[in-house]
Amino acid sequence: MSMSIFYRKRASNPYTKESVTEALKTLVGEGSTRRDRYLRRFQRSPNAWPALDEILADVEAQPMHVLLFAATTIRSKIKREAHTMPVERILQLKSGLTQCLQEAALLPAGRPLIIQLGLCLIDLGLHFASWSYELAELSEKMVSENRPEHIRVFLELLQLLPEEAREYVVNVSPTRENFIERRLWVQAPHVVTLMGQLMGYQSIGLEGEKQCLKVCAAWTRFGYMDAEDLINSRVILRAHLILLHEEEELHAEASDLVVALLESASIANDLELEVFEMGSGLEDKFLGAVAQDKKALVANYVAVFLQLAATTYTVTQGAKTLVAEDRRRRVFGLLLHVARYCEWYPVEQTLNLWRKLLQEPHVAAFEPLVQDLMRILFDRIQLRDSHQDSGLRRSSRFGLFRQRVADILKAMAPQVPPAVMDALLATAQNPASPWMQVEAAVFFLTHFIGSFAHLKTSLYERLLAILSQRPQPVFRRVERRLQKGLKKQATVGGEVNCSSC
């Protein structure tokens, strides 16, 4: 391959392909400091281009570490020198990099090189904000021959582009944000249409189809793809079918695309009905995956539910319509499933949204859901047989989970009706109640008690009387905490009780 990069090799040039590759082969140890100095000077020298040209002129003949060094050097030089390059030289470099990219696609372990070469092309395009026409040119070169290796390389580049564009705007050229964003927005419809077409190509296989989904997720997540274009595309239809039919090989990528679409809706503060129904309509699939213990699928559905709930909460905040209230009920119903069936971490994530709901002035409208959550958490926090003697370490994972539940119980406390307090007390004082349920009831009551200030002293005393009838050592720790609370209440209790009479 001939990659004509601007500077002609001169006899006085200390940097040759042979000297550079030899320096890269030198083992770390004796002479490594001298080698490192030589390579650093090479990377910053304007005379490095001929050697880089020769190294990348024959991709198949060079060791991978040499190729990666050349590619990363080119990328660093693009960032430093692009503004001084004439247009014809830029075009030569892009052509050469594209050809290298096609050759790297055929290497068995070429992905690291593909990424670096792709980043070089992306950086050039961002520097000159020329993606408005280059994506079409690249897709023509990489896709038209229908070679799966070239198509997957092109998909890799498309997936990298949005994040690199965001990083470029933030760290290099904030003033060009609108300009670059407009260029990519113009190309987004072409990208989503092309992804829909490519997903129908059997030649790209499952990995290629995964990449198509990842491309659309990346463009959506970084704000360069309009939700409406995606909603009406073959890509989102395919993603929805993957989730409904539980195609396990593509399930993670399809769910991530839906999550990205929901994130975009949250930022835009506009959740389309089709997207809401797509997410909420996965309830039965989630329950089926739980029943079949398909942990990976459950995790994917949970990711969709969490983002759907967060987006719905944001979009409907302040809205007092029946539609908004119905949507909230539906998504918090989904969160109840997560709280009931999932492991601690996703349950903790749902609690963040419940806390926001509990802080709203109209939370009474959701009282049945809140009480369902109380019942689920009551079951989830119950100790195990192994805890009845030594108790539970607060620093253990289960202990940390119970602390998170304690926080949400405190937030619930103002909405707890006396009937719930009576039911918890009845469970605690019932001699037939298993000790784990008694401990859970006391756990709830001690965190609800703050909302019944005028009854604190009598509640503490009542709980201590109940626990005195329980022989398990774990209750002695609980008694000590209650006695501490009772003493604290005694120091202020007279004034508090008097003022509330």
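Predicted, not measured: the structure shown is a model, and the values here were computed from it.
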For this session: Show your working on side-chain contact (heavy atoms from CB on, under 4.5 Å) between L157 and L101 and close with a plain yes or no.
Result: CA-CA 10 Å; L157 185 147; L101 201 57; 4.1 Å; yes
Exercise. Would you say V258 and L262 make side-chain contact, with heavy atoms under 4.5 Å?
Worked result: yes
For this session: For the pair K214 and E156, find out whether any cationic side-chain nitrogen is under 4.0 Å from an anionic carboxylate oxygen.
Result: no
For this session: Output the distance between atom OH (Y201) and atom SG (C212), rounded to the nearest 0.5 Å.
Result: 10.0 Å
Problem set entry | Side-chain heavy-atom pair W219, V192 within 4.5 angstrom cut-off | no
Exercise. Rounded to the nearest 0.5 Å, how far apart are CG of N300 and CG of L282?
Worked result: 10.5 Å
Exercise. Do V474 and W435 come close enough that some side-chain heavy atom pair is under 4.5 Å?
Worked result: yes
Exercise. Is the gap between the ring centers of H150 and F154 under 6.0 Å?
Worked result: no
Exercise. Taking atom NZ of K356 as the centre, does the number of heavy atoms from other residues, nucleotides or ligands within less than 6.0 Å exceed 12?
Worked result: no
Exercise. Can you find a heavy atom in the side chain of T311 that is under 4.5 Å from one in the side chain of V275?
Worked result: no
For this session: Report yes or no: is the cationic atom of R384 (NZ for Lys, CZ for Arg) under 6.0 Å from the centre of the six-membered ring of F398, at an angle within 45° of the ring normal?
Result: yes
For this session: Supply the atom-to-atom distance F222 CZ to E167 CD, rounded to the nearest 0.5 angstrom.
Result: 9.5 Å
For this session: For the residue pair L198 and Q211, establish whether any side-chain heavy-atom pair is separated by less than 4.5 Å.
Result: no
Exercise. Under the criterion side-chain contact (heavy atoms from CB on, under 4.5 Å), which of V191, L257, T193 is the partner of V235?
Worked result: L257
Exercise. Side chains of L482 and F475: closer than 4.5 Å at any heavy-atom pair?
Worked result: no
Exercise. Parallel, tilted or perpendicular for Y301 and F305, by the 30°/60° rule?
Worked result: parallel
For this session: Using a strict 4.0 Å threshold on nitrogen-to-oxygen distance, state whether D372 and R375 make a salt bridge.
Result: yes
Seminar exercise, completed: Rounded to the nearest 0.5 Å, the CE atom of M142 sits from the CG atom of L155 at a distance of 9.5 Å
For this session: Using distance alone, with no hydrogens and no angle criterion, decide if Y313 and E360 have a side-chain donor and acceptor under 3.5 Å apart.
Result: yes
Exercise. With no hydrogens and no angle check, do the side chains of R327 and T316 hold a donor and an acceptor under 3.5 Å apart?
Worked result: no
Exercise. Does R111 pair with E149 as a salt bridge, N-O distance under 4.0 Å?
Worked result: no
Problem set entry | Short side-chain donor-acceptor distance under 3.5 Å, H251 and E246 | no
Exercise. Taking NZ, NE, NH1 and NH2 as the nitrogens, is one of them in R477 or E439 under 4.0 Å from a carboxylate oxygen of the other?
Worked result: no
Exercise. Do E207 and K210 meet the salt-bridge criterion of a basic N to acidic O distance under 4.0 Å?
Worked result: yes
Exercise. Can you tell if the side chain of R330 reaches within under 4.5 Å of the side chain of E277, non-hydrogen atoms only?
Worked result: yes
Exercise. Judged by atom type as modelled, is there a donor-acceptor pair below 3.5 Å linking the side chain of S433 to the main-chain atoms of T427?
Worked result: yes
Seminar exercise, completed: Separation between CG (L377) and CE (M412), nearest 0.5 Å, reads 5.5 Å
Exercise. So does D293 pair up with K295, basic N to acidic O under 4.0 Å?
Worked result: yes
Exercise. Is there a donor-acceptor pair under 3.5 Å between the side chain of K285 and the backbone N or O of L244?
Worked result: yes
Exercise. Without hydrogens or angle criteria, can the side chains of R404 and N352 be said to hold a donor-acceptor pair below 3.5 Å?
Worked result: yes
Exercise. To the nearest 0.5 Å, how far apart are CD1 in I114 and CG in L160?
Worked result: 10.5 Å
For this session: May I ask you to check whether over 12 heavy atoms, not counting those of E228, lie within 6.0 Å of atom CD?
Result: no
Exercise. Are the charged groups of R221 and E163 less than 4.0 angstrom apart, N to O?
Worked result: no
For this session: Show your reasoning for whether side-chain contact (heavy atoms from CB on, under 4.5 Å) applies to H83 and H127.
Result: CA-CA 8 Å; H83 63 283; H127 184 83; 3.9 Å; yes
Problem set entry | Side chain proximity check, K320 to H362, heavy atoms < 4.5 angstrom | yes
